[in-house]
Amino acid sequence: MRKVIIWVFIILFAITLQTTMIPYLSIAGVYPDLVVASMMVIALWYGRLAAIWGGFFTGLLLDSWAPNQLGLQSMALISASVFVGLFDHKRINSGPIAQFFLFLLGSVVHDLVIFMAVGNYGTSLITFILGQVIPRALFTAMFGMAIVFMGHQVHPYGRR
Amino acid sequence: MHWLVEYILSHKNGTSFFVAILISLMLYNSSDTKKHQVAQVLGQTLFSPVQVTINQVTNIRNIFKENEDLRTRVQLLQLENASMKDVIFHSDELIRGISYRDSSTYKLISAQAVVREPTFLFRTIVIDAGRSDGVQPYMPVVTVDGVVGKVIRVMDRTSLVQLIRKPDEYVSVIHHKTGSVGILNASANDKLQVEYHKNQDIKQGDTLFTSGYGGIYPPGMAVGYVDKIEEAQNPLYSLVTVQSAVDFESIRHLFVVAVNTQWESYQIELDSLMREVEE
């Protein structure tokens, strides 16, 4: 129960920041996705099961604000967080650089799922990946690492 | 069926992933109407605790703000209340003063204490009535309750008043029941004291009035109440400690009694003596 409360708190906090402050951090129209970063961190800390259901419900929560795409964020978040959850702390004790690349790839997976589902961004896949996905993934991965660092300061891995 | 449950339990991650993705796909591929309905139901059921929490947090934030506003309001009201109490207190005092002035046989000049010595036991005060109001030196100063002191310096708009509790101030007082007269004076420890002959029937609580013999204070003004009766140094006398009729700490509204001193003929001589003392 304690874990679920922590997930809910992290996700709600991330959504709040994402909808209020994060857009101000935009660089050349690219800004990080803190919700994706939070979900990937939860996946890394708590494993795939947490990643699947956390991603599912967070996605539904986000989609319920824009019901035309209901289910899309769920799929994208589940994919990204399950990808990161494959390398969670229970299975692999990855270092910071590996974690950064995990978050980077997880964010790319998230955006690719959305691209494939929507399929029309008015641009080619390569341009989209290079111009949008990779910069955002880098930004998101940095935020993910920041969350990991803060979490590590509050609770060492063994106690979480 | 048993094997299915067993499979699900042994492959929790895979089954969860499959179910979650399947539900997401089904939702994504459903019609817009259906999506809106689902979103509405989700909003009302699954995510209502989140919304309730957010609402509660907002409410708590409002409560904090409201609490702060109320605290500020309470402080303002307390200030207002204190100010109103002050107004009520002084209006009562003024009403008593007006009635006293109207019933007095002497001409009274109204004044307010504006300055007092910055000491714990002050012995002089400055009032806001002076020569232009008709105040003259040695005029007695009183309140509704009794004698305060006398004017010792007069300026154009202010005057300096010496209180009867100053050790070098002497007031001739009379005990009405017995008719015995004594000289009231403040002792070194600032108690008002007077000596009376032992055979006089003076009791605790009796009122002492000005006798009119001193030349400064007209007769019949309350000075104080007998507080304590002790043996005097002279065995024929009792030392009576007097509680002043006036609360010097809360003096504000006063009256200068416009009577000329009976010592007027000696005025010039007194003034020159005072100057010599000051020099």
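All values reported here derive from a predicted model rather than from experimental measurement. Both backbone and side-chain heavy atoms feed into the values below; hydrogens, waters and symmetry mates do not. Order of the sequence lines sets the chain letters (A, B, ...), proteins ahead of strands, with each chain counted from 1.
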Please report the closest heavy-atom contact between Ser24(B) and Ile78(A), naming both atoms and the distance. OG-CD1, 4.0 Å

To the closest 0.5 Å, what do you measure between CG (Asn68(A)) and OH (Tyr28(B))? 10.0 Å

Does any non-hydrogen side-chain atom of Leu72(A) lie less than 4.5 Å from one of Leu27(B)? no

Of the listed residues (Ile21(B), Asp32(B), Asn29(B), Val38(B)), which shares the most heavy-atom pairs with chain A below a 4.5 Å separation? Ile21(B)

Assess whether atom CE of Met26(B) is packed by more than 12 heavy atoms of other residues, nucleotides or ligands within 6.0 Å. no

Taking Leu70(A)'s backbone N and O only, do any of them form a donor-acceptor pair with Lys35(B)'s side chain (distance below 3.5 Å, no angle check)? no

Taking OH in Tyr31(A) as the centre, count heavy atoms belonging to other residues, nucleotides or ligands within less than 6.0 Å. Is the count above 12? no

Minimal heavy-atom distance between Ser16(B) and Trp53(A), with the atoms involved, is OG-NE1, 3.1 Å

Take atom CG of Leu70(B) as the centre, draw a 6.0 Å sphere, and report whether it contains more than 12 heavy atoms from other residues, nucleotides or ligands. yes

The interface call for Ala51(A) against chain B, heavy-atom contacts under 4.5 Å, is neither

Using a 6.0 Å cut-off, check whether atom CD of Glu68(B) has over 12 heavy atoms from anything other than its own residue. no

Quick one: are Phe17(B) and Arg48(A) in side-chain contact, heavy atoms under 4.5 Å? no

